[in-house]
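The structure follows.
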There are 2 protein chains.
Amino acid sequence: MAVMQREYGRRTLLREIRRAGRVPRIELADLTGISRATVTTITAEFLMDGLVEEVARDEGEPDSRRGRPRVDLKIRGAAHLVAGVKISHHKLSLVLLDFEGEQLAAEECDLPAPVNAPEVLAKAIRDAVTHLATVAGRRADEVSGVGIGIAGIVEANDGFVHWSPSLSARNVEFGALLTRTLGVPCFIDNDANLVAVAEHAFGLGREHSDFLVVTIESGVGLGMVIGGALYRGTRGCGAEFGHTKVQLNGALCRCGQRGCLEAYVADYALLREATLVSGQDATADPAKRVETLLDAARAGDATARSIVERAGQIFAMGLANLVNIFDPELIILAGEQMQFDHLYSDAVIEAMRKSIVQVDKAPPEVVVHKWGDLMWARGAAAYALDKVSELALERLGENAA
Amino acid sequence: MAVMQREYGRRTLLREIRRAGRVPRIELADLTGISRATVTTITAEFLMDGLVEEVARDEGEPDSRRGRPRVDLKIRGAAHLVAGVKISHHKLSLVLLDFEGEQLAAEECDLPAPVNAPEVLAKAIRDAVTHLATVAGRRADEVSGVGIGIAGIVEANDGFVHWSPSLSARNVEFGALLTRTLGVPCFIDNDANLVAVAEHAFGLGREHSDFLVVTIESGVGLGMVIGGALYRGTRGCGAEFGHTKVQLNGALCRCGQRGCLEAYVADYALLREATLVSGQDATADPAKRVETLLDAARAGDATARSIVERAGQIFAMGLANLVNIFDPELIILAGEQMQFDHLYSDAVIEAMRKSIVQVDKAPPEVVVHKWGDLMWARGAAAYALDKVSELALERLGENAA
DNA sequence: CATTTTAATTTGAAAGTCAAATTAAATAAG
DNA sequence: CTTATTTAATTTGACTTTCAAATTAAAATG
C-alpha cells in the first residue's frame, strides 16, 4: 500500500511534466500539492531512468528574480519512440513520435483493399511501421509501442475488435495479433476515441478534464473525456454518436436502421439527395461530387442549399443533445477537410446554442480544430505514448522494489 | 500525504461496510486489498467513534467452519439521523432515516402554493422536518443532515439553484439559505440525480459502477453514475434528458423550444392531443384525464392508441440514444405511478433494443424499478447519508491528528 | 483435554511523506 | 571584490502508515 502512494506521486508528476512542457520542481510541488522533498526524490528517479531531463531556463521574460534560478524539467524525447497508425479506407497513415511528442516522421501508404483479413492488415501495418522507422533513420525494434486507430466497435482494454469496416472478420483479437506480428506492444482503439486522447494530450483539451470531441470523416464519431480520463462505456467500446436517432422512421442509414444522425450529415447522405441538383455527375468521385454540391449551395442553388442546410440543422440538433446530457465545458469539433465546413459554421453552432436548455450560465465553449491530414495517426500515437509511459512507470516501480 | 492514505482506507472501508450490510473484517481485507492489520486498526476507530458496530453472525447456513468465528461489522444506525425531502408541485414528501438507511418515519405535507419564495419554502421545509422528527420521537436538532431534491437546474456543489419550477426566484443560494433556516447541514440537488444516488446506495445499482437512471414524473429526468460516482456535468448541473431533441421543429415544449422528448411523452403532451379522444372531460384533473386516455387506448380506441404509442416510440428512441452514447451496462427506469406503464412496456424496451447499434454483445440490461411514493425523498436522504458520512470521516481525521 | 483451524490483533520492520535545516546558485549592496 | 540577501533544491530526522509475520482468541474435532 505504501508503494501505491509512491506510484501515485510518480504518475502525477510525470503527467504534470508532460502537460506543462517544461516546468521547475518548485512549481511541480505547488501544482500537485506534493512536498518539495518528495518532488526532488521522484524527479531524481526520473532523471536517473532517463525519462526526463533538465534544461536551462530560456524565458523571454528575463525573470530578473534574484536567488537560485529555477531549473526546468521536461520529458526526454530520446527516452522512447512510439508510432501511431490510422487505418482508413484505402490507406494507412502513420506518424513516428519521440517520447516528448515531437514528430520524427510521417507517412501514408496504400492498402491492397478497403477490407482486409486481419493477418493481411497486421502484416501491412508491420511493414509500414518498419518503413516509417527506416525513413527516420531508426530501427523498427527501437519502437516502444504502437497505437492503432480503427473505425468500428473496439474493446480497447483487451484489444478486441467486435466489428470494423476495415476487417473482413468479426470478433478479432486484433491487438494481440498485432503485438505478435510486430513484436512490439500494440494498443488499439476506436479512432474517434484516439482523437480525444490527442486533444487531451497535445491539443485544445490540455487544460480541461471534461470535454467532448466530435469527429467527422465519412461517419460521425464522438470521444468523451470525463474526469480527466477517456470514457469508453462499460464494455470498453466507444460512443456511437453517429447512430443516435434524430428522427422517428427517418432516412435510411448504412447501418440498416432509420433516422441516424449519420444518415443526414455524412457525405453519402448528401449525395443521395444531390441527384436532384443540376450539374451533378453521378459517375464522378464522391468527394468531387460533394464539392460540387457545396459549391452549388454557396452559389445560391435552392435545392443544394436545402440539402446542406438541413444537414447543418440536424447536426446542430445532435450537438445540442450532447450538451443537454453532458453539460460539458468544451466541445471540440475536429476535422481536416474543407468538405465539412458547412457543419462547422457559425450558423450551426448558433442553432445548437438555441437548442440547449437555457440557464443563466455560459453555454459550453465550442471550438473547431482543423488538424492536418495526420490528426488521426497522431491520436493513435498519443495513445501509445500514454501506454508506454504507464509501462515505463511500472518498470520503475519494480526496479525500485 | 500520509494522512491522505489513511483517509483513503477509511473511506473505502466505510463504503464497503455500507454496501455489504454486514461483513467480517477478513472479508473487508479481501474485498478492498487493504491488509488485515490495517482493517483492524481502522475499524477499531470506527467502533470507538460509534459509526460501526459488531453483530453476532446469524447466517442461515450454520457456517460449520471450525476455527474462530467471523464477527460481522455493520453500520450503526443510531450513529446519525438524516432526513430527505422531495419538493413537488403542491407538497413536500419527507423521510427520516437512521445511519444504516432504515426508515424511521415518512410524511407528506402540503405547500401553500406550487411556486414559492425561497424563504417561504425554506421555512416550510424547516417546519416539516421538525414535525417529521417529532413523529419519530426525536428532536429536530438530532438530525445530522438533510438532503433536498428539487426539480430544475441545480449546482449541487454550491447548493445554487439556477432555476426551479418550485421557486419564484432564479439564481438562489438555496442550500445556504436552508442550512441557515434549519440550523442543520442541508444538501440540495436535482431530483433525478438523487434517485440515481439512491439506486446506487440502496437500490438496483448497488453492484454497478456505471449505469443510468431515467425518471418520469411530469418531466423526464436522467441521473448518471459513471465510474462509481454521480456525474453532474462540469457545472454541477444535472443532465437534461427531457429536453434532448427528438424531432427537428417538433412539438412545442413547456421550455419554449420545439421537439423536446418531454413534449412527446409528458402528461401534458399526451393531454394536448387527448382532446380529440371521445370521453375526455377537459375540466377534469390532469391525472384523471391521463388515466382516461390510457384506458381508452387499452380498450382499443384508435386515436388514443395512436397518441400513446407514439409517446412510447419516441421514448424508446430517446433511450436508444443514451445507450448509443454511453454503452452502459444497466439502465434503471425508476417510477412510481401506473400512469407511466405505457412507457415501461416490453414493447418500448424492445423498440429501444432495435434502435441501438448492433454488435455481437449483450445489449444493456433494462430494469424497471417501481418505487413507492417516497422514492424521491429516499433519494434525497441517501444523498444526505453520503454527505453526513463524509463529514463524520473528516471529523475522525481531525480528532486523530 | 489436547489438537486443529480460522479470525483478529499485536509487533516490529520497511516505506513513504514532509517540515525544517542546510546547501546551492544566483543578484544586490557596500 | 566581498558580503548580504534571496530563492531553489536537497538533505535530514521525525512522524505516519502499511504490512508480513508472530501472537493471541475462539471456536470445532478427535
Side-chain angles (χ1 to χ4, degrees), chain A residues 1-13 17 20 22-48 52-59 61-73 393 396-401, chain B residues 1-13 17 20 22-48 52-59 61-73 393 396-401:
Chain A
M1 213 56 165
V3 76
M4 249 184 64
Q5 202 173 174
R6 175 47 65 95
E7 221 159 84
Y8 166 83
R10 279 198 275 248
R11 220 183 273 279
T12 307
L13 287 175
I17 294 170
R22 23 185 76 208
V23 55
R25 287 171 241 257
I26 194 169
E27 233 167 79
L28 283 174
D30 290 348
L31 245 42
T32 62
I34 295 171
S35 76
R36 296 172 184 192
T38 307
V39 169
T40 292
T41 313
I42 292 180
T43 55
E45 235 182 8
F46 288 165
L47 285 166
M48 184 84 70
V52 305
E53 61 190 350
E54 290 188 332
V55 288
R57 294 221 97 188
D58 68 335
E59 321 176 62
E61 23 145 350
D63 209 21
S64 86
R65 262 185 301 205
R66 15 202 272 176
R68 179 173 175 172
R70 302 170 168 209
V71 178
D72 277 332
L73 298 174
L393 287 178
L396 215 58
E398 281 161 21
N399 284 3
Chain B
M1 212 55 165
V3 77
M4 249 183 63
Q5 204 172 172
R6 174 50 63 95
E7 223 160 84
Y8 166 82
R10 278 199 275 248
R11 222 184 274 278
T12 307
L13 288 176
I17 294 172
R22 23 187 75 207
V23 56
R25 287 170 243 254
I26 194 167
E27 233 168 80
L28 283 174
D30 291 348
L31 245 44
T32 61
I34 296 171
S35 76
R36 296 172 186 194
T38 308
V39 169
T40 293
T41 313
I42 292 179
T43 55
E45 235 182 8
F46 288 166
L47 285 166
M48 185 83 73
V52 166
E53 60 190 351
E54 290 187 333
V55 288
R57 290 220 102 188
D58 67 333
E59 321 177 61
E61 21 144 354
D63 210 20
S64 85
R65 263 185 300 208
R66 14 201 272 176
R68 178 172 174 173
R70 301 171 168 210
V71 179
D72 276 334
L73 297 174
L393 287 178
L396 215 58
E398 282 162 19
N399 285 3

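Any value given below was found using the heavy atoms of this structure, including those in side chains, with hydrogens, waters and symmetry copies removed. No experiment lies behind these values; they were computed from the predicted model shown. Here is the naming used below: chain letters follow the sequence lines, and residue numbers restart at 1 for every chain.
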State, with a plain yes or no, whether a side-chain heavy atom of B/R6 is found less than 4.5 Å away from one of B/R11.
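A side-chain contact is absent here, since even the closest heavy-atom pair is not under 4.5 Å.
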Out of C/dG16, C/dA19, C/dT10, which has the shortest distance to the side chain of A/Q5?
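Of the candidates, C/dG16 comes closest.
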Regarding B/V71, tell me which of base, sugar-phosphate or nothing describes its non-hydrogen contacts under 4.0 Å with the strands shown.
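Sugar-phosphate, no base atom in range.
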Could you grab the distance from atom OG1 of A/T32 to atom CG of A/L13, nearest 0.5 Å is fine?
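If we round to the nearest 0.5 Å, A/T32:OG1 and A/L13:CG are 5.0 Å apart.
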Find the distance B/R10:CZ to D/dT18:C1' and express it as a whole number of Å.
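Atom-to-atom, B/R10 to D/dT18, this comes out as 14 Å.
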Distance check needed: D/dA9 P versus A/L47 CG, whole Å only.
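The distance from CG of A/L47 to P of D/dA9 comes to 12 Å, rounded to the nearest Å.
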Could you measure the distance from the CZ atom of B/F46 to the CG atom of B/L393? Nearest 0.5 Å is fine.
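Taking CZ in B/F46 and CG in B/L393, the distance rounds to 5.5 Å.
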d(CG, B/D72; C1', C/dT6) in whole Å
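Distance, rounded to whole Å: 15 Å.
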With no hydrogens and no angle check, just 3.5 Å: does a side-chain donor-acceptor pair link A/T38 and A/T41?
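Checked: A/T38/A/T41 side chains show no N/O donor-acceptor pair below 3.5 Å.
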Among D/dT6, D/dC19, D/dA27, the nucleotide that comes nearest once only the side chain of B/P69 is considered
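When the side chain of B/P69 is considered, D/dA27 is the closest of D/dT6, D/dC19, D/dA27.
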Using whole Å, what does the distance between atom P of nucleotide D/dT12 and atom CZ of A/R36 come to?
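Distance, rounded to whole Å: 18 Å.
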Please report the distance, rounded to the nearest Å, between CZ in B/R66 and C1' in D/dA25.
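That distance rounds to 16 Å.
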Between B/S35 and D/dT18, is there a contact of a side-chain N or O with OP1 or OP2 at under 4.0 Å?
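No.
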Is it the case that the side chains of A/T43 and A/R25 hold a donor-acceptor pair, with the cut-off being a distance below 3.5 Å and no angle test?
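Their side chains do contain a donor-acceptor pair, which is all the 3.5 Å distance test asks for.
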Taking the nucleotide of DNA chain C with the closest heavy atom to each, which residue, A/G9 or A/G67, is nearer the 5' end?
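Here A/G9 is the residue nearer the 5' end.
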A/R70 side chain N/O closer than 4.0 Å to the phosphate oxygens (OP1, OP2) of D/dA8?
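So the side-chain polar atoms of A/R70 do come within 4.0 Å of the phosphate oxygens OP1 or OP2 of D/dA8, strictly under.
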Hey, does the side chain of A/R6 come within less than 4.0 Å of C/dT17's phosphate (OP1/OP2), counting only N and O?
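Checking A/R6 against C/dT17: at least one side-chain N or O falls below 4.0 Å of OP1 or OP2.
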At under 4.0 Å, does any side-chain N or O of A/T40 touch on OP1 or OP2 of D/dA9?
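No, because none of the side-chain N or O atoms of A/T40 sits under 4.0 Å from OP1 or OP2 of D/dA9.
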Please give, in whole Å, the distance from C/dG16 P to A/Y8 OH?
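About 16 Å, once rounded to whole Å.
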Any B/R25 side-chain nitrogen or oxygen under 4.0 Å from OP1 or OP2 of C/dA7
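No, outside the criterion.
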Nearest-angstrom distance from the residue atom CD1 of B/I26 to P of D/dA26:
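Spelled out: CD1 on B/I26 to P on D/dA26 is 16 Å.
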Roughly how many Å is it from CD1 in B/I42 to C1' in D/dT18, rounded to a whole number?
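B/I42 atom CD1 is separated from D/dT18 atom C1' by 10 Å.
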